[in-house]
Each structure stands twice: as structure tokens, then as C-alpha cells.
2 protein chains.
Amino acid sequence: MVKPTRVTNSIRALRFASGEMTQADLADRVGVTRQTLIAIEQGRYSPSLETAFRIARVFGVPLDDVFQYPDPAEEKP
Amino acid sequence: MVKPTRVTNSIRALRFASGEMTQADLADRVGVTRQTLIAIEQGRYSPSLETAFRIARVFGVPLDDVFQYPDPAEEKP
DNA sequence: ACTCGATGTACAAAATCTTTGACATAGCCA
DNA sequence: TGGCTATGTCAAAGATTTTGTACATCGAGT
């Protein structure tokens with residue numbers, strides 16, 4: 001990955017909030033591989049919009065509850 | 001494209017609602033090329049989550065106001 | 001008639017995302 | 001100890017998105 005993603009997410013929290021769902025379970029229900037889910041959950045890259053929608057749907061929440069995009073103005077380390 | 005996207009969007013409507021913004025203008029403000037914007041607006045493929053976020057941000061609306069993902073249950077032609 | 005701006009198309013190349021398969025670690029429990 | 005589950009990592013191949021370049025059409029002006 002040349003350019004790390006700026007998108008963060010609440011997947012881990014949602015997973016635990018949804019009754020101890022494992023990464024493998026979630027990956028299965030979303031329709032992606034476990035590796036893909038891990039990479040997304042860790043923010044190593046941002047998923048496609050379609051994958052993002054499917055993740056949100058599994059949790060039954062809107063997209064903005066799962067993924068956050070920081071204000072470009074304030075990403076100074 | 002092997003698999004056409006199921007994601008639809010309201011970009012054209014939002015563009016006109018935002019004072020006659022042209023595709024070139026929007027592409028510029030989003031930070032993608034005109035071709036990319038046209039392809040997305042026409043639903044030829046779904047953008048990356050990051051691109052989607054930037055589009056929504058230009059219009060000042062949440063992601064779900066720009067993109068819609070149909071219920072997988074009912075996409076029978 | 002001519003030009004200009006806005007939209008659309010086509011194609012290949014580059015960049016990014018996803019899969020596949022294999023292996024590693026840590027915790028738990030019989 | 002040995003086996004099992006959950007999590008994480010790596011590398012290479014495959015699929016999808018994005019770019020770059022070029023060209024076409026349409027409608028509004030002048």
C-alpha cells in the first residue's frame with residue numbers, strides 16, 4: 001500500500017457489541033475473506049463502497065456508524 | 001467490468017441542487033478525474049470508500065444520502 | 001457556420017483492493 | 001502436553017478502480 005487510508009472504523013466495537021462475533025464469522029456474513037476483514041478492521045486499507053455497505057448491513061447500522069472520515073483540515077500528527 | 005455494481009447514487013441530483021455544479025467542477029473538488037466521476041455517477045462501478053466520503057463531503061451530506069445499496073433479497077430482474 | 005462548454009466513450013496503463021494458501025502466536029481447557 | 005480457536009502476518013496472483021490520452025456529440029451563443 002503506497003498511501004495508507006485515512007478512514008477509521010468501529011468494526012471491532014460493533015463485533016463485540018453484536019454478541020462476540022468473531023472475525024471469521026463476520027467475514028463470512030459479509031462475503032469476504034478473513035484476511036480482508038482483518039485488514040479493513042485494522043485500517044490497513046479502506047474497502048470498496050460495496051463491501052462497506054455489506055459490513056454495515058450485517059450490523060444493521062448506517063454506513064456512517066461504521067466508518068469515519070476525518071476532516072482533511074485537521075490531520076496533523 | 002465483470003460484475004456491475006448494485007450501488008446507486010444521487011450525484012446528478014445533488015450536483016444540480018448545488019447550483020449547477022458541472023462534472024468537471026465536482027471531479028476537481030473531489031480530487032478525482034472527470035472520467036472517474038462520470039463512471040461513478042453513471043453507476044458503472046462503485047467507488048472506493050474514501051472517494052465516496054470525499055464526494056459526500058463536497059455536498060455536505062452523509063454518505064447514505066449520496067449512495068444507496070439495495071436490499072440483496074429483492075434484486076430480481 | 002463556427003466555436004465553446006458540458007457530457008460521454010474507448011482503450012491501455014497504473015494503482016488499489018481482494019483472494020488464496022501457508023504459517024505464527026497466544027489463550028484456554030481437557 | 002496436545003489440541004483447539006481466534007487473531008495476525010506475509011507474499012503472490014486476481015479483480016476492480018482510477019488515471020491519461022484522445023476523440024465524438026449536443027446545445028447555446030455569437
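The model shown is predicted, which means the values in this text are computed figures rather than measured ones. The chains referred to below are lettered A, B, ... by the order of the sequence lines, with proteins before strands, and numbering in each begins at 1. Heavy atoms only: backbone and side chains are in, while hydrogens, waters and symmetry mates are out.
For Thr36(B), a side-chain nitrogen or oxygen approaches OP1 or OP2 of dT19(D) to under 4.0 Å. The side chain of Thr51(A) places an N or O atom within less than 4.0 Å of a non-bridging phosphate oxygen (OP1 or OP2) of dT18(C). Distances shown here put every side-chain N or O of Ser46(A) at or beyond 4.0 Å from the OP1 or OP2 atom of dT16(C).
Looking at Ser18(B), its side chain does come within 3.5 Å of a backbone N or O of Leu14(B) through a donor-acceptor pair. Of the possible donor and acceptor atoms, one in the side chain of Arg57(A) sits under 3.5 Å from a partner among the backbone N and O of Tyr69(B).
Looking at residues two or more places apart in sequence or on another chain, you find a side-chain contact (heavy atoms from CB on, under 4.5 Å) between Ile38(A) and Gln23(A), Arg34(A), Gln42(A). Ser10(A) is linked by a side-chain hydrogen bond (donor to acceptor under 3.5 Å, both in side chains) to Gln68(A), counting only residues two or more places apart in sequence or in another chain. Evaluation of the side-chain contact (heavy atoms from CB on, under 4.5 Å) rule for Asp64(A) yields Phe53(B), Pro62(B), Leu63(B), Asp64(B) as partners, not counting sequence neighbours.
Thr36(A) contributes atom OG1, which lies 10.0 Å from atom CZ of Arg44(A) (distance to the nearest 0.5 angstrom). We find the CG-CE distance between Asp28(B) and Met21(B) to be 11.0 Å, quoted to the nearest 0.5 Å. Interatomic distance, Ile11(A) CD1 to Ile40(A) CD1, rounded to the nearest 0.5 Å: 6.0 Å.
For the pair Arg15(A) and Glu41(A), the salt-bridge criterion is met [side-chain N within less than 4.0 Å of a carboxylate O].
With rounding to whole Å, Tyr45(B) atom OH is found 6 Å from dT18(D) atom C1'. dT18(D) atom P lies 10 Å from atom CG of Leu49(A), rounded to whole Å. The separation between Ile11(A) atom CD1 and dT7(D) atom C1' is 15 Å, rounded to whole Å. When the P atom of dC17(C) is taken as reference, atom CZ of Phe53(A) falls 17 Å away, rounded to whole Å. Rounded to a whole Å, the CG atom of Leu37(A) is 12 Å from the C1' atom of dG8(D).
Considering all non-hydrogen atoms of both residues, Asn9(B) and Gly43(B) come closest at ND2-N, 4.3 Å. The nearest pair of heavy atoms linking Ala27(A) to Leu37(A) is N-CD2, 3.7 Å.
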Pairs under 3.5 angstrom, nitrogen or oxygen only, protein versus nucleotides 27-30 of chain D, please.
none

Check nucleotides 9-11 of chain D against the protein and report each pair of N or O atoms closer than 3.5 Å, with its distance, or say if there are none.
unit_1 : atom_1 : unit_2   : atom_2 : d
dT9(D) : OP2    : Gln42(A) : OE1    : 3.3
dT9(D) : OP2    : Gln42(A) : NE2    : 3.3

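Near-neighbour residues of DNA chain D inside residues 20-30 of chain A, defined by a heavy atom below 4.0 Å, number-ordered: Thr22(A), Gln23(A).
The listed nucleotides are dT18(D), dT19(C), dC17(C); the one nearest the side chain of Ser48(B) is dT18(D). Taking every side-chain heavy atom of Glu41(A) into account, dG8(D) is the closest of dG8(D), dC17(C), dT19(D).
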